[in-house]
Student: 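Encoded as C-alpha coordinates, here's the structure I'll be asking about.
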Number of protein chains: 2
Amino acid sequence: MKLENSLRVTRQRRILLEQLKLSDAHPTASEIFDAVRKELPRISLATVYRNLELLAEKGLIQLVGTAESRQKRFDWNPRPHCHAHCVRCGGVADIEPSPEINALLRGSVDSLRDFEVLAARIDFLGYCPQCRATVPRCSE
Amino acid sequence: MKLENSLRVTRQRRILLEQLKLSDAHPTASEIFDAVRKELPRISLATVYRNLELLAEKGLIQLVGTAESRQKRFDWNPRPHCHAHCVRCGGVADIEPSPEINALLRGSVDSLRDFEVLAARIDFLGYCPQCRATVPRCSE
DNA sequence: GGGGCTTATAGTAATAGTTCCTATTATTAT
DNA sequence: ATAATAATAGGAACTATTACTATAAGCCCC
(Lines give C-alpha, C1' and ligand atoms only; values in the text may rest on other atoms or scores of the structure.)
Protein backbone atom coordinates (compact mmCIF):
# COMPACT_ATOMS: atom_id res chain seq x y z
CA MET A 1 0.00 0.00 0.00
CA LYS A 2 1.31 3.35 -0.97
CA LEU A 3 -0.63 6.42 -0.03
CA GLU A 4 0.39 8.36 -3.12
CA ASN A 5 2.73 11.21 -3.75
CA SER A 6 5.53 10.05 -1.47
CA LEU A 7 3.44 9.82 1.68
CA ARG A 8 4.92 7.14 3.82
CA VAL A 9 2.62 4.50 5.20
CA THR A 10 3.05 4.87 8.90
CA ARG A 11 1.09 2.97 11.51
CA GLN A 12 -0.43 6.26 12.66
CA ARG A 13 -1.53 7.25 9.19
CA ARG A 14 -3.01 3.87 8.40
CA ILE A 15 -5.01 3.61 11.61
CA LEU A 16 -6.13 7.22 11.37
CA LEU A 17 -7.55 6.61 7.93
CA GLU A 18 -9.09 3.31 9.02
CA GLN A 19 -10.83 4.95 11.96
CA LEU A 20 -12.09 7.83 9.88
CA LYS A 21 -13.56 5.41 7.37
CA LEU A 22 -15.49 3.68 10.11
CA SER A 23 -17.83 6.62 10.55
CA ASP A 24 -20.11 8.80 8.50
CA ALA A 25 -20.39 11.27 11.37
CA HIS A 26 -17.78 13.71 10.02
CA PRO A 27 -15.75 13.75 13.21
CA THR A 28 -13.60 16.57 14.53
CA ALA A 29 -9.86 16.25 14.91
CA SER A 30 -10.14 15.55 18.61
CA GLU A 31 -12.85 12.95 18.09
CA ILE A 32 -10.57 11.24 15.63
CA PHE A 33 -7.72 11.58 18.11
CA ASP A 34 -9.81 9.83 20.76
CA ALA A 35 -10.77 7.02 18.41
CA VAL A 36 -7.23 6.45 17.20
CA ARG A 37 -5.88 6.58 20.72
CA LYS A 38 -7.70 3.39 21.55
CA GLU A 39 -5.38 1.59 19.18
CA LEU A 40 -2.36 3.83 19.50
CA PRO A 41 -2.35 5.22 23.01
CA ARG A 42 0.84 7.20 22.48
CA ILE A 43 -0.19 9.04 19.32
CA SER A 44 0.17 12.78 19.45
CA LEU A 45 -2.64 15.17 18.69
CA ALA A 46 -0.24 17.05 16.46
CA THR A 47 0.19 13.90 14.39
CA VAL A 48 -3.54 13.68 13.94
CA TYR A 49 -3.75 17.28 12.78
CA ARG A 50 -0.75 16.99 10.51
CA ASN A 51 -2.10 13.91 8.80
CA LEU A 52 -5.63 15.17 8.45
CA GLU A 53 -4.32 18.26 6.72
CA LEU A 54 -1.97 16.24 4.57
CA LEU A 55 -4.60 13.71 3.55
CA ALA A 56 -7.06 16.47 2.72
CA GLU A 57 -4.42 18.24 0.68
CA LYS A 58 -3.71 15.09 -1.29
CA GLY A 59 -7.42 14.63 -1.90
CA LEU A 60 -7.71 11.36 0.01
CA ILE A 61 -10.23 12.77 2.47
CA GLN A 62 -12.02 16.10 2.66
CA LEU A 63 -12.32 18.90 5.12
CA VAL A 64 -15.88 19.94 5.87
CA GLY A 65 -17.32 22.59 8.10
CA THR A 66 -18.70 26.08 8.13
CA ALA A 67 -17.43 29.49 9.10
CA GLU A 68 -19.53 29.44 12.26
CA SER A 69 -18.18 26.33 13.88
CA ARG A 70 -14.79 26.73 15.48
CA GLN A 71 -13.62 23.25 14.79
CA LYS A 72 -12.90 21.52 11.54
CA ARG A 73 -14.59 18.26 10.63
CA PHE A 74 -13.44 15.57 8.25
CA ASP A 75 -15.10 13.33 5.74
CA TRP A 76 -13.45 10.08 4.70
CA ASN A 77 -15.19 10.39 1.32
CA PRO A 78 -13.26 12.73 -0.96
CA ARG A 79 -15.86 12.71 -3.72
CA PRO A 80 -17.83 15.94 -4.14
CA HIS A 81 -21.15 15.93 -2.37
CA CYS A 82 -23.19 18.29 -0.21
CA HIS A 83 -23.45 18.58 3.53
CA ALA A 84 -26.17 19.54 5.94
CA HIS A 85 -24.90 21.26 9.06
CA CYS A 86 -27.05 21.39 12.15
CA VAL A 87 -26.79 24.84 13.70
CA ARG A 88 -27.74 23.45 17.06
CA CYS A 89 -25.65 20.32 17.62
CA GLY A 90 -22.99 20.97 14.99
CA GLY A 91 -23.62 17.59 13.39
CA VAL A 92 -22.95 17.11 9.70
CA ALA A 93 -24.83 14.81 7.35
CA ASP A 94 -24.13 13.89 3.75
CA ILE A 95 -26.56 15.06 1.13
CA GLU A 96 -26.89 13.22 -2.12
CA PRO A 97 -26.44 15.73 -4.91
CA SER A 98 -29.26 15.89 -7.42
CA PRO A 99 -28.37 16.04 -11.12
CA GLU A 100 -28.67 19.84 -11.12
CA ILE A 101 -26.41 20.11 -8.14
CA ASN A 102 -23.95 17.80 -9.80
CA ALA A 103 -23.80 20.15 -12.74
CA LEU A 104 -22.95 22.95 -10.35
CA LEU A 105 -20.38 20.90 -8.54
CA ARG A 106 -18.66 20.23 -11.82
CA GLY A 107 -18.24 23.93 -12.30
CA SER A 108 -20.67 25.17 -14.89
CA VAL A 109 -21.38 28.60 -13.54
CA ASP A 110 -21.45 31.73 -15.66
CA SER A 111 -20.48 34.57 -13.43
CA LEU A 112 -17.26 32.91 -12.37
CA ARG A 113 -15.17 34.26 -15.23
CA ASP A 114 -11.48 34.49 -14.45
CA PHE A 115 -11.95 32.74 -11.15
CA GLU A 116 -10.45 29.30 -11.48
CA VAL A 117 -12.68 26.86 -9.64
CA LEU A 118 -10.93 24.06 -7.82
CA ALA A 119 -13.97 22.93 -5.87
CA ALA A 120 -17.61 23.85 -5.46
CA ARG A 121 -19.29 23.41 -2.16
CA ILE A 122 -22.93 23.36 -1.27
CA ASP A 123 -23.86 23.43 2.37
CA PHE A 124 -27.19 23.55 4.07
CA LEU A 125 -27.58 25.03 7.52
CA GLY A 126 -30.52 24.23 9.70
CA TYR A 127 -31.79 21.69 12.17
CA CYS A 128 -31.06 18.00 11.94
CA PRO A 129 -34.02 15.67 12.54
CA GLN A 130 -33.13 15.09 16.21
CA CYS A 131 -32.64 18.74 17.06
CA ARG A 132 -35.69 19.70 15.07
CA ALA A 133 -37.77 17.50 17.31
CA THR A 134 -36.45 18.94 20.54
CA VAL A 135 -35.80 22.60 19.76
CA PRO A 136 -38.38 24.95 21.21
CA ARG A 137 -40.13 26.52 18.24
CA CYS A 138 -41.96 29.76 17.67
CA SER A 139 -45.54 29.04 16.81
CA GLU A 140 -45.98 32.10 14.61
CA MET B 1 -33.41 54.46 13.21
CA LYS B 2 -34.11 51.31 15.03
CA LEU B 3 -32.08 48.24 14.29
CA GLU B 4 -34.89 45.79 14.94
CA ASN B 5 -35.61 43.35 17.70
CA SER B 6 -34.57 45.54 20.63
CA LEU B 7 -31.05 46.22 19.45
CA ARG B 8 -30.04 49.62 20.70
CA VAL B 9 -28.58 52.03 18.23
CA THR B 10 -25.19 52.78 19.65
CA ARG B 11 -22.56 54.90 17.97
CA GLN B 12 -20.34 51.83 17.74
CA ARG B 13 -23.00 49.74 16.07
CA ARG B 14 -23.96 52.43 13.61
CA ILE B 15 -20.42 53.16 12.51
CA LEU B 16 -19.55 49.50 12.33
CA LEU B 17 -22.44 48.88 9.97
CA GLU B 18 -21.60 52.00 7.96
CA GLN B 19 -18.02 50.91 7.52
CA LEU B 20 -18.97 47.40 6.57
CA LYS B 21 -21.31 48.71 3.90
CA LEU B 22 -18.51 50.73 2.35
CA SER B 23 -16.76 47.63 1.07
CA ASP B 24 -17.52 44.58 -1.01
CA ALA B 25 -14.30 42.97 0.12
CA HIS B 26 -15.86 40.79 2.82
CA PRO B 27 -13.51 42.00 5.53
CA THR B 28 -12.38 40.10 8.60
CA ALA B 29 -13.27 41.20 12.11
CA SER B 30 -9.90 42.82 12.60
CA GLU B 31 -10.06 44.64 9.29
CA ILE B 32 -13.40 46.02 10.33
CA PHE B 33 -11.92 46.89 13.70
CA ASP B 34 -9.18 48.89 11.99
CA ALA B 35 -11.64 50.71 9.77
CA VAL B 36 -13.97 51.59 12.62
CA ARG B 37 -11.09 52.67 14.81
CA LYS B 38 -10.40 55.57 12.47
CA GLU B 39 -13.70 57.05 13.58
CA LEU B 40 -13.89 55.59 17.06
CA PRO B 41 -10.32 55.24 18.33
CA ARG B 42 -11.42 53.83 21.67
CA ILE B 43 -13.67 51.04 20.36
CA SER B 44 -12.90 47.60 21.72
CA LEU B 45 -12.23 44.61 19.52
CA ALA B 46 -14.69 42.69 21.68
CA THR B 47 -17.38 45.18 20.74
CA VAL B 48 -16.68 44.57 17.09
CA TYR B 49 -16.95 40.82 17.53
CA ARG B 50 -20.06 41.05 19.66
CA ASN B 51 -21.84 43.23 17.17
CA LEU B 52 -20.81 41.30 14.12
CA GLU B 53 -22.20 38.16 15.68
CA LEU B 54 -25.35 39.91 16.80
CA LEU B 55 -25.99 41.54 13.45
CA ALA B 56 -25.43 38.26 11.65
CA GLU B 57 -27.79 36.52 14.05
CA LYS B 58 -30.47 39.12 13.38
CA GLY B 59 -29.97 38.68 9.65
CA LEU B 60 -28.77 42.22 9.02
CA ILE B 61 -25.41 41.07 7.68
CA GLN B 62 -23.99 37.66 6.95
CA LEU B 63 -21.06 35.63 8.02
CA VAL B 64 -19.05 34.16 5.18
CA GLY B 65 -15.99 31.97 5.11
CA THR B 66 -14.81 28.43 4.77
CA ALA B 67 -13.65 25.73 7.13
CA GLU B 68 -10.07 26.16 5.98
CA SER B 69 -9.59 29.80 6.82
CA ARG B 70 -9.12 30.54 10.50
CA GLN B 71 -10.78 33.89 10.43
CA LYS B 72 -14.36 34.80 9.80
CA ARG B 73 -15.36 37.27 7.14
CA PHE B 74 -18.46 39.37 6.89
CA ASP B 75 -20.75 40.51 4.12
CA TRP B 76 -22.89 43.62 4.54
CA ASN B 77 -25.41 42.07 2.17
CA PRO B 78 -27.66 39.61 3.99
CA ARG B 79 -29.42 38.39 0.86
CA PRO B 80 -28.57 34.85 -0.25
CA HIS B 81 -25.88 34.71 -2.88
CA CYS B 82 -22.77 32.67 -3.60
CA HIS B 83 -19.15 33.35 -2.81
CA ALA B 84 -15.87 32.57 -4.47
CA HIS B 85 -13.02 32.02 -2.05
CA CYS B 86 -9.45 32.29 -3.22
CA VAL B 87 -7.41 29.50 -1.66
CA ARG B 88 -4.25 31.50 -2.08
CA CYS B 89 -4.99 35.01 -0.81
CA GLY B 90 -8.15 34.23 1.14
CA GLY B 91 -10.12 36.89 -0.72
CA VAL B 92 -13.84 36.48 -1.17
CA ALA B 93 -15.91 37.66 -4.12
CA ASP B 94 -19.66 37.69 -4.62
CA ILE B 95 -21.10 35.40 -7.24
CA GLU B 96 -24.38 36.20 -8.89
CA PRO B 97 -26.62 33.17 -8.50
CA SER B 98 -28.03 31.79 -11.75
CA PRO B 99 -31.72 30.83 -11.85
CA GLU B 100 -30.90 27.18 -11.15
CA ILE B 101 -28.80 28.16 -8.18
CA ASN B 102 -31.55 30.37 -6.93
CA ALA B 103 -33.88 27.42 -6.97
CA LEU B 104 -31.41 25.55 -4.82
CA LEU B 105 -30.95 28.44 -2.47
CA ARG B 106 -34.68 28.54 -1.93
CA GLY B 107 -34.53 25.00 -0.69
CA SER B 108 -35.81 22.65 -3.31
CA VAL B 109 -33.62 19.68 -2.61
CA ASP B 110 -34.97 16.18 -2.32
CA SER B 111 -32.65 14.32 -0.06
CA LEU B 112 -33.01 16.84 2.72
CA ARG B 113 -36.09 15.25 4.25
CA ASP B 114 -36.42 15.96 7.94
CA PHE B 115 -33.56 18.38 7.91
CA GLU B 116 -35.02 21.84 8.29
CA VAL B 117 -33.07 24.17 6.06
CA LEU B 118 -32.49 27.65 7.41
CA ALA B 119 -29.95 28.64 4.80
CA ALA B 120 -28.27 27.17 1.76
CA ARG B 121 -24.77 28.12 0.90
CA ILE B 122 -22.82 27.66 -2.26
CA ASP B 123 -19.14 28.42 -2.20
CA PHE B 124 -16.49 28.08 -4.82
CA LEU B 125 -12.87 27.53 -3.92
CA GLY B 126 -10.09 28.30 -6.32
CA TYR B 127 -7.88 31.10 -7.55
CA CYS B 128 -9.06 34.67 -7.91
CA PRO B 129 -8.04 36.46 -11.11
CA GLN B 130 -5.03 38.15 -9.51
CA CYS B 131 -3.67 35.04 -7.87
CA ARG B 132 -4.36 33.01 -10.96
CA ALA B 133 -2.07 35.30 -12.91
CA THR B 134 0.79 35.08 -10.46
CA VAL B 135 0.62 31.55 -9.10
CA PRO B 136 3.25 29.23 -10.52
CA ARG B 137 1.35 26.59 -12.51
CA CYS B 138 2.07 23.05 -13.49
CA SER B 139 2.25 22.81 -17.26
CA GLU B 140 0.86 19.29 -17.44
C1' DG C 1 17.49 -8.13 5.35
C1' DG C 2 20.80 -4.28 6.91
C1' DG C 3 22.69 0.66 6.18
C1' DG C 4 21.67 5.08 5.46
C1' DC C 5 18.90 8.69 3.74
C1' DT C 6 14.81 10.98 4.68
C1' DT C 7 10.31 11.68 6.44
C1' DA C 8 7.28 11.24 10.42
C1' DT C 9 6.41 11.22 15.30
C1' DA C 10 5.77 12.53 20.31
C1' DG C 11 5.57 15.88 23.38
C1' DT C 12 5.35 20.36 24.36
C1' DA C 13 5.40 25.26 23.64
C1' DA C 14 3.54 28.93 21.08
C1' DT C 15 0.04 31.28 18.31
C1' DA C 16 -4.12 33.58 17.07
C1' DG C 17 -8.71 34.28 16.61
C1' DT C 18 -12.37 34.65 19.37
C1' DT C 19 -15.12 34.79 23.60
C1' DC C 20 -15.78 35.88 28.47
C1' DC C 21 -15.88 38.95 32.45
C1' DT C 22 -17.01 43.13 35.08
C1' DA C 23 -17.10 47.79 36.40
C1' DT C 24 -18.54 51.81 33.93
C1' DT C 25 -21.23 54.31 30.44
C1' DA C 26 -24.86 55.11 27.12
C1' DT C 27 -29.51 54.47 25.31
C1' DT C 28 -34.31 54.26 25.67
C1' DA C 29 -38.97 54.35 27.67
C1' DT C 30 -41.62 56.95 30.79
C1' DA D 1 -34.83 64.15 33.73
C1' DT D 2 -34.93 59.55 35.76
C1' DA D 3 -34.79 54.85 36.14
C1' DA D 4 -34.19 50.58 34.07
C1' DT D 5 -31.58 48.08 31.14
C1' DA D 6 -28.44 47.03 27.52
C1' DA D 7 -23.85 47.95 25.63
C1' DT D 8 -19.01 49.16 26.06
C1' DA D 9 -13.85 49.13 27.08
C1' DG D 10 -10.21 46.75 28.46
C1' DG D 11 -8.09 42.92 29.57
C1' DA D 12 -7.99 38.07 30.88
C1' DA D 13 -9.15 33.51 29.49
C1' DC D 14 -10.06 29.94 26.20
C1' DT D 15 -9.31 26.63 22.66
C1' DA D 16 -8.42 24.89 18.30
C1' DT D 17 -4.62 24.65 15.70
C1' DT D 18 0.32 25.09 14.35
C1' DA D 19 5.30 25.22 15.14
C1' DC D 20 9.37 23.24 17.00
C1' DT D 21 12.91 19.69 17.86
C1' DA D 22 15.08 15.66 19.35
C1' DT D 23 14.08 10.85 18.53
C1' DA D 24 12.12 7.04 15.86
C1' DA D 25 10.50 4.69 11.90
C1' DG D 26 9.79 3.81 6.62
C1' DC D 27 11.76 2.89 2.47
C1' DC D 28 15.19 2.19 -1.18
C1' DC D 29 19.16 -0.11 -2.75
C1' DC D 30 22.54 -3.33 -2.37
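Numbered from 1 within each chain, the chains take letters A, B, ... in sequence-line order.
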Student: Using 0.5 Å steps for rounding, measure from the CG atom of B:Asp123 to the CD1 atom of A:Ile122.
Tutor: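 The distance works out to 9.5 Å.
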Student: Within the side chain of A:Gln12, is there an N or O that forms a donor-acceptor pair under 3.5 Å with the backbone of A:Val48?
Tutor: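 Here the side-chain-to-backbone pair does not exist.
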Student: Taking atom CZ of A:Arg88 and atom CD of A:Gln130, what is their separation to the nearest 0.5 Å?
Tutor: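 If I round to the nearest 0.5 Å, the distance is 10.5 Å.
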Student: On DNA chain C, check which nucleotide each of A:Ala46 and A:Leu54 is closest to and give me the residue with the more 5' one.
Tutor: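 The residue closer to the strand's 5' end, by nearest nucleotide, is A:Leu54.
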Student: Please report the distance, rounded to the nearest Å, between CG in B:Asn51 and C1' in C:dC20.
Tutor: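 Taking CG of B:Asn51 and C1' of C:dC20, I get 15 Å after rounding.
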Student: Within this structure, what is the CD-to-P distance between A:Glu68 and C:dT18, rounded to whole angstrom?
Tutor: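 Distance check: A:Glu68 CD to C:dT18 P gives 12 Å.
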Student: Choose from D:dA7, D:dG10, D:dT17 the nucleotide whose nearest atom is closest to any side-chain atom of B:Arg13.
Tutor: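 In terms of side-chain proximity for B:Arg13, the closest of D:dA7, D:dG10, D:dT17 is D:dA7.
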Student: Would you say A:Thr10 reaches C:dT9's phosphate, i.e. side-chain N/O to OP1/OP2 under 4.0 Å?
Tutor: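 For C:dT9, OP1 or OP2 has a side-chain N or O of A:Thr10 closer than 4.0 Å.
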Student: Is the shortest side-chain N/O distance from B:Gln12 to OP1 or OP2 of D:dA9 below 4.0 Å?
Tutor: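 True: B:Gln12 side-chain N/O within range (under 4.0 Å) of D:dA9 OP1/OP2.
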Student: Are any of A:Lys72's side-chain N or O atoms less than 4.0 Å away from OP1 or OP2 of D:dT15?
Tutor: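 The answer is no; no side-chain N or O of A:Lys72 sits under 4.0 Å from OP1 or OP2.
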Student: Nearest whole angstrom, please: distance from the C1' of D:dT15 to the CZ of A:Arg70.
Tutor: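 Nearest whole value for this atom pair: 6 Å.
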Student: Of B:Arg50 and A:Leu45, whose closest DNA chain D nucleotide lies nearer the 5' terminus?
Tutor: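 It is B:Arg50, whose closest nucleotide lies nearer the 5' terminus.
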Student: Between B:Val92, B:Ile32, B:Leu52, which is the residue that forms a side chain to side chain contact (heavy atoms under 4.5 Å, CB included) with B:Pro27?
Tutor: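 That would be B:Ile32; it is the only one of B:Val92, B:Ile32, B:Leu52 passing the side chain to side chain contact (heavy atoms under 4.5 Å, CB included) with B:Pro27.
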Student: Nearest whole Å is fine: how far is C:dC20 P from B:Tyr49 OH?
Tutor: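 Rounded to the whole Å, the gap is 13 Å.
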Student: Could you tell me the separation between the CZ atom of B:Arg37 and the P atom of D:dG10, rounded to a whole number of Å?
Tutor: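 Roughly 10 Å, once rounded to whole Å.
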Student: Hey, does the side chain of A:Arg11 come within less than 4.0 Å of D:dA25's phosphate (OP1/OP2), counting only N and O?
Tutor: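 Result: no.
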Student: Which whole-number value in Å describes the distance from B:Arg73 CZ to C:dG17 P?
Tutor: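 Interatomic distance, CZ of B:Arg73 to P of C:dG17: 11 Å.
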Student: How close or far is atom P of D:dA6 from atom CZ of B:Arg8, stated in whole angstroms?
Tutor: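 Rounded to the whole Å, the gap is 6 Å.
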Student: Report yes if at least one side-chain N or O of B:Thr47 is closer than 4.0 Å to OP1 or OP2 of D:dA9; otherwise report no.
Tutor: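 Yes, within the criterion.
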Student: Starting at CD of A:Gln71 and ending at C1' of D:dT18, how long is that distance when rounded to a whole Å?
Tutor: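 Interatomic distance, CD of A:Gln71 to C1' of D:dT18: 16 Å.
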Student: Just verifying a value: how many Å separate A:Tyr49 OH and A:Leu54 CG, rounded to the nearest 0.5 Å?
Tutor: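 So the OH of A:Tyr49 and the CG of A:Leu54 are separated by 15.5 Å.
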